[in-house]
A.B. asks: 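To start, I am sharing the structure in question, which I have written as structure tokens.
The shown structure was predicted, so the numbers you read here are calculated from the model rather than taken from an experiment. Numbers here are sequence positions counted from 1.
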Amino acid sequence: MYMRGWAHRAVVAAMVIVPVLGGCSVGQDKTGCDRNGDAVSGCGASGEDGRASATSADGSGTDDSPPGHDASPTAAAASPSRSSAPPMKDGTAVLTHCATMDDPFVTLQVHNPNARDGVFSVTVSLQDSAGRTVAEAGAQEPVAAKDTATVRLGVAGTGHVDKTAHCTVDPRAAFDW
């Protein structure tokens with residue numbers, strides 16, 4: 001009793017799966033219709049929502065898949081794999097001018113080593129003659145692909161330009177976006 005009808009269900013299931021995977025007969029076009037335009041049941045015929053219709057193993061014609069799951073495995077198999085772009089590398093920052101009372105700007109060169117444009121964060125520390133940090137400044141700078149941009153950071157607002165003996169730049173220009 002347990003095995004009765006098992007072979008019939010396996011054959012019906014195979015008949016449903018093969019057409020869904022694209023195994024329509026010779027007399028039909030790609031949509032599963034025969035040459036006179038009539039839809040062929042179970043062979044690529046579409047329901048109202050555009051999904052391929054499937055017949056359940058018991059022949060009831062209902063889709064037994066759980067909600068949110070497509071009865072057709074061809075949707076995932078047909079989509080091409082996308083190659084992701086390589087991750088962006090951090091850039092470099094080089095100090096070209098430290099702030100003075102006459103010119104209260106720090107000037108940096110920021111280099112983008114990537115093949116795509118990006119925005120990089122740079123940080124500069126202003127230090128007094130004893131080496132203590134009196135102020136810090138930072139900026140986000142857009143830099144074109146494989147290019148170098150000049151950045152001028154205004155530090156007059158820190159109130160410590162008169163105490164600045166030298167500047168230190170973080171050589172890593174962190175890639176932001």
A.B. asks: Side chains of T133 and T168: does their closest heavy-atom pair fall under 4.5 Å?
C.D. replies: no
A.B. asks: Which residues pass the side chain to side chain contact (heavy atoms under 4.5 Å, CB included) test with D90, not counting sequence neighbours?
C.D. replies: R172, A174, F175
A.B. asks: If you measure from CZ on R152 to OG1 on T96, what distance do you get to the nearest 0.5 Å?
C.D. replies: 9.0 Å
A.B. asks: Under 4.5 Å between side-chain heavy atoms, counting indirect links through other Ile/Leu/Val/Met/Phe/Trp/Tyr residues: same cluster for L153 and M101 or not?
C.D. replies: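 Hydrophobic grouping puts L153 with M101.
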A.B. asks: Looking at every non-hydrogen atom in both residues, tell me the closest pair between G131 and H166 and how far apart they are.
C.D. replies: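 Closest approach of G131 to H166, heavy atoms only: CA-CE1, 4.4 Å.
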A.B. asks: Work out which heavy atom in R116 is nearest to a heavy atom in A85; give both atom names and the distance.
C.D. replies: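 Minimum heavy-atom separation between R116 and A85: NH1-CB, 3.5 Å.
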A.B. asks: Restricting to non-hydrogen atoms, name the atom on L95 and the atom on C167 that form the minimum distance, rounded to 0.1 Å.
C.D. replies: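 Looks like CD2-O, 3.7 Å.
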A.B. asks: Which residues satisfy the salt bridge (charged side-chain N to carboxylate O under 4.0 Å, His left out) test with D147, sequence neighbours excluded?
C.D. replies: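 Counting only residues at least two positions away or on another chain, D147 forms no salt bridge (charged side-chain N to carboxylate O under 4.0 Å, His left out).
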A.B. asks: Is D103 close to H97 at the side-chain level, that is, under 4.5 Å between some pair of heavy atoms?
C.D. replies: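 Side-chain contact under 4.5 Å: yes.
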A.B. asks: Taking atom types as modelled, is there a side-chain donor on T123 or D170 under 3.5 Å from an acceptor on the other?
C.D. replies: no
A.B. asks: Shortest non-hydrogen contact from V155 to F105?
C.D. replies: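 Looking at all heavy atoms of both residues, the shortest contact is CG2-N, 4.5 Å.
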A.B. asks: Does T164 reach the side chain of C98, with side-chain heavy atoms less than 4.5 Å apart?
C.D. replies: yes
A.B. asks: Closest heavy-atom contact between L108 and V169?
C.D. replies: CD2-CG2, 3.5 Å
A.B. asks: Does one hydrophobic cluster hold both M88 and V119, with members joined at side-chain heavy-atom distances below 4.5 Å?
C.D. replies: no
A.B. asks: Please list, chain by chain and in numerical order, all residues satisfying side chain to side chain donor-acceptor pair (under 3.5 Å) with T150, sequence neighbours excluded.
C.D. replies: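 For T150 the side chain to side chain donor-acceptor pair (under 3.5 Å) partners, ignoring immediate neighbours, are Q109.
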A.B. asks: Taking all non-hydrogen atoms of both residues, which atom of G91 and which atom of P113 are closest, and how far apart?
C.D. replies: CA-CD, 3.7 Å
A.B. asks: Measuring from K163:NZ to Q127:CD, what's the distance to the nearest 0.5 Å?
C.D. replies: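 Answer rounded to 0.5 Å: 14.5 Å.
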A.B. asks: Measure the OG-CZ distance between S125 and R132 for me, rounded to the nearest 0.5 Å.
C.D. replies: 14.5 Å
